[in-house]
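These notes concern the structure reproduced below.
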Protein chains: 2
Amino acid sequence: MPSVTVENYLKHLLLLAEETDGLVPMGALSAALAVVPGTVTTMVKSLAADGLVVHRPRQGVKLTAAGRRLALGVLRKHRLVETFLVQVLKMHWSAVNAEAEQLEHAISDTVLDRLDALLGHPSTDPHGDPIPSRLGKLHSQVYATLATCPLARPVRLVRITEQSAEFLQFAEQHGLLPGASARVTDRNLAAGLVTVQRPRGRPLALSLAAAGRILVEPAR
Amino acid sequence: MPSVTVENYLKHLLLLAEETDGLVPMGALSAALAVVPGTVTTMVKSLAADGLVVHRPRQGVKLTAAGRRLALGVLRKHRLVETFLVQVLKMHWSAVNAEAEQLEHAISDTVLDRLDALLGHPSTDPHGDPIPSRLGKLHSQVYATLATCPLARPVRLVRITEQSAEFLQFAEQHGLLPGASARVTDRNLAAGLVTVQRPRGRPLALSLAAAGRILVEPAR
DNA sequence: CCCGCCATTTTGAGTAGTCAAAATAATTTC
DNA sequence: GAAATTATTTTGACTACTCAAAATGGCGGG
C-alpha cells in the first residue's frame, strides 16, 4: 500500500504532466509539494526503484504506467470527494480542495464506489475538472481559455484550473463559474490584460495569467 | 496538530479506560495497538511530556484532561463516520469500523459538523455506542449485559461492544441487533454458556464472553 | 527469605521522510 | 570559450515511529 507521501508525489506528477507535457522538472515538483529540491531528488529515486516513475538525472521525472494508474486513483478520490462535499454537504466550492487533500488518502475503494453511485457517477467535479473513471480513463479535452479564445464570440466556461480559495472566491464574485456564459471583448498582450463581458454585467478586467486558468468552449 | 499515531494512542486509551476504570496497564495498550510493549513505553513517555497522559511507571497510564478532550474528538469522528457509512452509503454495519479507523484521522471539524447535521445529530452509532457531543460529553450509561441481566425477563438490546466483523456478522445472523428484544432463559456459569431466546426464534447458545459484549436494558 | 515468573523498561538499531548546505552540472551571458 | 547563473544532486543530520532482545522490578509460592 503506497504511503500518503508517495500518493502525493504521484498525484502532483500527474497534474504537472498535463501542463508540461513530458518530463516534469524536479524544481516544479519541489514547488508543488512545498519541500526542498534535495528531498525531491531522494524521494524520486526511491519511487524509480519501485517502478512508479522514470528519472532522467538532471532533466526531470515522469510517471510509468504503474505510477499513472496509482495517480489516477488518487485523483479520482480527490475529485469525487470534492463533488460530495459540495453536492451533499453543501460546502463552498472554494473550501473543498483543502478538505479533499486529506480525505483522498483515507477513503477506501469500497466507500468511493458507493459515493460515486450516490452522486450519480459524475464526470466532472465542482471546478469542472474531469473525474477519472474507475478504470483510469481521463477524458481530458483540449479547451481554449479566456486568454486564447476568439474575441467577441460568446463562450461558456467549463473549468477553472486553479485551486486557491482566494482565486475561486474572486471568480465566483464575478459570476465566473463553470456553466456561465461570457464574451472576451478585448485582449491587450502588452499590458497583459483581458477584458471579459458577462451578460447583464459590467466589463471585467483580468490578468492574462488568471484568464489562462479559465477554460471555455464555444457557446451554443 | 496531533499525528495519526498520537490520535490512535489516545483513542484506545479512552476506550480501555472505560473497561479498566482507572490506570490502563501498558500491556493492554500494547495489545490494542498491535505494537510491542517497548514501543508503548517510549511513546507513552513522549505523550506524558506533552501533557496528554500521566504515566505511573510499572503501573500504567491514564489520560489527562487535555488528552481526554482530544480522544473524545477522535471518537466522535469515528462514530459519526460509521453512522454516515451505514445510513447514507448503506454499508453493512460489520464493515464500517475498519473504514472509520482511517477516515477519523482525515476529516476536519468543519466537515464533521456538516455530517452531524445531515444525520440529524445522532446520539449513538450503528453498534449502539454513544457518540460524544461536540463539547466532549459522553453520555455513557451503565447497562446490564446478556451475561449479567436478570433471567427470564424481557430485555431490549442497546449496544454491541465488539467491533470484529466476524462477531457482528454472527450477531446479525441471529437477529442480535441494537433495538431487538430477547430473553435469557438459562445461564450456566460452570460451562460458561448463556442461552437466549428471541421472539419467534429458536434458543441460541452464546459463550459468556460473547454475552458480556451485548448490552441490554429492561424492555418496556 | 529467596526463587522464579511476568510485565515493563532500556538499549541499540532500522525505516520513512525531511532540511540545510556544500558539490556538481548544465546553460546562459558576455 | 571562460565566467556566471541556475537547477539538481550529494552529504550529513534530525524527527517520529517502530522492533528485537537484554535488563530490571515487583510479586506470589515455597
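In what follows, chains are A, B, ... by sequence order, proteins preceding strands, each numbered from 1. From a predicted model like this one, the values you see are computed outputs, not experimental measurements.
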Touch class at under 4.0 angstrom, heavy-atom based, for B/Ser3 against every strand present: sugar-phosphate
Whole angstrom value for the distance that separates P of D/dT9 from CD of A/Gln59: 10 Å
Rounded interatomic separation in angstrom, taking CE from B/Met26 and C1' from C/dT8: 7 Å
Between C/dA16 (P) and A/Leu47 (CG): distance, integer Å: 12 Å
Side chain of A/Pro37 - closest among C/dG17, C/dT9, D/dT9: D/dT9
Touch class at under 4.0 angstrom, heavy-atom based, for B/Thr41 against every strand present: base
Collect all protein-nucleotide pairs involving nucleotides 19-21 of chain C in which both atoms are nitrogen or oxygen and the distance is under 3.5 Å.
{"from": "C/dC19", "atom 1": "OP2", "to": "A/Val36", "atom 2": "N", "distance (Å)": "3.0"}
{"from": "C/dC19", "atom 1": "OP2", "to": "A/Thr39", "atom 2": "OG1", "distance (Å)": "2.9"}

Side-chain (B/His127) to main-chain (B/Glu162) donor-acceptor, under 3.5 angstrom: no
Closest approach of B/Val35 to B/Tyr9 (non-hydrogen atoms, all atoms of both residues): CG2-OH, 3.9 Å
Donor-acceptor contact present, side-chain B/Thr64 to main-chain B/Leu52, <3.5 Å: yes
Residue of the set A/Asn97, A/Thr83, A/Asp125 for which side-chain hydrogen bond (donor to acceptor under 3.5 Å, both in side chains) holds with A/His78: A/Asn97
Between P of D/dT18 and NZ of B/Lys45, the distance in whole Å: 16 Å
N/O donor-acceptor pair, side chain B/Arg58 with base C/dT9, under 3.5 angstrom: no
Side-chain H-bond candidate by donor/acceptor type, B/Asn8 with B/His105, under 3.5 Å: yes
Rounded distance (Å) that lies between atom P of C/dA25 and atom NE2 of A/His55: 14 Å
Length of the OH-P vector between B/Tyr9 and D/dA16, whole Å: 14 Å
Length of the NE2-P vector between B/His105 and D/dC17, whole Å: 12 Å
Salt-bridge criterion met for A/Arg134 and A/Asp109 (N-O under 4.0 Å): no
Sugar-phosphate only, base, or nothing, as touched by B/Ser30 at under 4.0 Å among non-hydrogen atoms: nothing
Whole-Å gap separating P (D/dA16) and CG (B/Leu33): 18 Å
Closest non-hydrogen atom pair between B/Gly67 and B/Leu10, with its separation: O-CD1, 4.1 Å
